[in-house]
Amino acid sequence: MSFKPKDYSGWGRALRAAGAVARPDRAAALAALAPAPAFGMRRSYGDAALNHGGRAIDMSGLDRLLAFDAETGILELEAGVRIGEVAAAFAPRGFLPAVMPGTGFATVGGCIAQDVHGKNHHHAGSFGAHVAEITLWQGGSLVTVLPGTPLFRATVGGLGQTGAIVSAKLRLAPCKGTVMLVTERRAPDWDHHLGLLDQSTATYTVGWIDATATGTSLGRGIVEEGEIARGLVKPRAKSAKVPLDAPQFALSAPIVRAFNAAYYARVPAAGRTVLRPLADFFFPLDKILDWNRLYGKRGFHQFQCVVPLQAAGALRQMLNRIATSGLASPLAVLKRMGPGRAGYLSFPMEGYTLAVDFPNRAAARDLIRALEEDTAAAGGRLYFAKDALAGGTRIPAMYPELDAWRQEVAKADPARAYETDLVRRLKLRNA
């Protein structure tokens with residue numbers, strides 16, 4: 001096993017790296033490699049998985065299910081296993097990952113390193129709350145990391161800075177079916193949208209928001225509530241693939257506005273309830289392979305923030321800034337979050353999270369920097385899994401446990417062998 005030259009990027013494709021990458025397919029092959037940052041399927045949008053000019057280890061070949069205890073629901077598996085594969089394999093057996101991000105292609109190691117959240121965060125908390133054990137390759141040896149320890153809190157949401165995640169034990173959640181019963185409701189404006197999210201008692205809740213609507217329609221969208229159920233639905237259609245980078249006009253403002261209007265109108269004014277395959281609800285964009293190519297060769301940026309409940313008015317002003325810019329894509333999401341977080345640098349806080357994609361243009365980059373300022377002023381924080389543009393000056397205020405994380409990381413990796421482009425850009429390890 002050796003490192004080989006490779007050009008690679010995150011999912012947003014706006015930031016790239018060139019360096020030497022190794023892809024072990026056994027733990028023994030990993031042990032023979034020099035320490036370096038580890039990544040999985042590179043579904044983080046910015047530079048969290050990049051190490052330009054240095055070495056990196058692709059963990060996606062370590063993708064085996066190791067053991068399962070049906071009595072406890074604990075699944076032991078390697079870090080490169082995709083979370084969608086776990087869902088597909090275990091839902092028929094009555095279990096699901098307790099928390100799933102918006103793509104099934106995210107690896108277990110990536111889910112831990114970013115402490116991802118799902119459509120049930122208001123009930124279940126973040127991914128790390130359901131991790132029973134982590135095994136790290138750290139400084140030439142395997143280290144077992146258990147919940148309740150400082151090293152666990154530095155590893156979960158810790159961006160891979162405490163070592164390479166080799167395997168983990170997850171507490172799967174019982175699941176009573178293999179389909180989703182989904183209720184869709186229109187939200188005609190911002191206040192209605194927040195009201196539906198606040199009042200929802202469903203296990204899974206998410207809002208699609210029309211980030212191009214202005215005036216009295218600002219904040220309109222569709223709120224989906226989901227419950228796992230039994231039933232028969234058509235199998236998920238075979239995934240389509242975007243074969244080429246789209247031209248610049250493909251996501252121009254008129255086209256996005258027209259698409260959003262049609263998407264909003266697809267749900268009847270009275271709402272509706274439908275059955276869907278699990279993957280269609282949890283991982284809707286996975287039906288379009290390489291959908292990031294729709295933004296063209298220059299790629300795209302996603303802005304995602306969370307603000308406290310009391311800052312909902314500030315978030316509304318941020319949405320108005322986005323809507324009047326003419327830059328937003330159709331992919332915008334609004335969710336209500338609970339307080340659950342498992343790591344020092346975990347993103348969630350109780351409040352509202354907004355995620356919006358923008359083509360990689362100068363005007364969009366300027367807009368995102370302004371939104372970063374708005375987020376800081378509102379007492380919110382940015383999501384490292386999506387960020388590609390922020391500076392480091394506002395991060396300590398957004399993440400008040402940063403110093404505790406730094407102390408653990410300094411002990412775990414004094415030689416800074418696991419630093420990535422994102423860590424350097426945000427000066428996360430600099431005291």
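Below, each value reflects all heavy atoms present in this structure, side chains not excepted, and no hydrogens, waters or symmetry copies.
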So OG of S200 and NZ of K335: to nearest 0.5 Å the spacing works out to 13.0 Å
d(T155 OG1, I134 CD1) to nearest 0.5 Å is 5.5 Å
In terms of ring plane angle, is the pair [X] and [Y] parallel, tilted or perpendicular, where the classes change at 30° and 60°?
{"X": "W291", "Y": "W11", "answer": "perpendicular"}
{"X": "Y383", "Y": "F347", "answer": "parallel"}
{"X": "Y263", "Y": "F259", "answer": "parallel"}

Would you please say whether a donor-acceptor pair under 3.5 Å links the side chains of [X] and [Y]?
{"X": "N292", "Y": "R43", "answer": "no"}
{"X": "D189", "Y": "H192", "answer": "yes"}
{"X": "R381", "Y": "T375", "answer": "no"}
{"X": "T103", "Y": "D286", "answer": "yes"}

Geometric cation-pi criterion, [X] with [Y]: 6.0 Å, 45°:
{"X": "R220", "Y": "Y264", "answer": "yes"}
{"X": "R276", "Y": "F281", "answer": "no"}
{"X": "R42", "Y": "Y8", "answer": "no"}

- Message: Are F300 and Y45 an aromatic pair, judged by ring center distance below 6.0 Å?
- Response: yes
Is the F358-Y295 ring centre distance short of 6.0 angstrom? no
Salt bridge (charged side-chain N to carboxylate O under 4.0 Å, His left out) with D245: of K297, R298, R293, only one passes, and it is R293
So ring-ring contact (aromatic ring centres under 6.0 Å, His included) across residues 312-333, not counting sequence neighbours, yields none
Salt bridge or not for [X] and [Y], using N-O below 4.0 Å?
{"X": "R406", "Y": "D403", "value": "yes"}
{"X": "K119", "Y": "E224", "value": "no"}
{"X": "R336", "Y": "D198", "value": "yes"}
{"X": "R341", "Y": "E350", "value": "no"}
{"X": "E419", "Y": "R416", "value": "yes"}
{"X": "R425", "Y": "D387", "value": "yes"}
{"X": "D58", "Y": "K6", "value": "no"}
{"X": "D374", "Y": "R321", "value": "yes"}
{"X": "D290", "Y": "R13", "value": "no"}

Fill in: Donor-acceptor contact below 3.5 Å, side chain T183 vs main chain T273
no
Across all chains, not counting sequence neighbours, the side-chain contact (heavy atoms from CB on, under 4.5 Å) partners of Y344 are P150, R153, A154, E401, A404, W405, E408
| Side-chain contact, heavy-atom cut-off 4.5 Å: L334 with L197? | yes
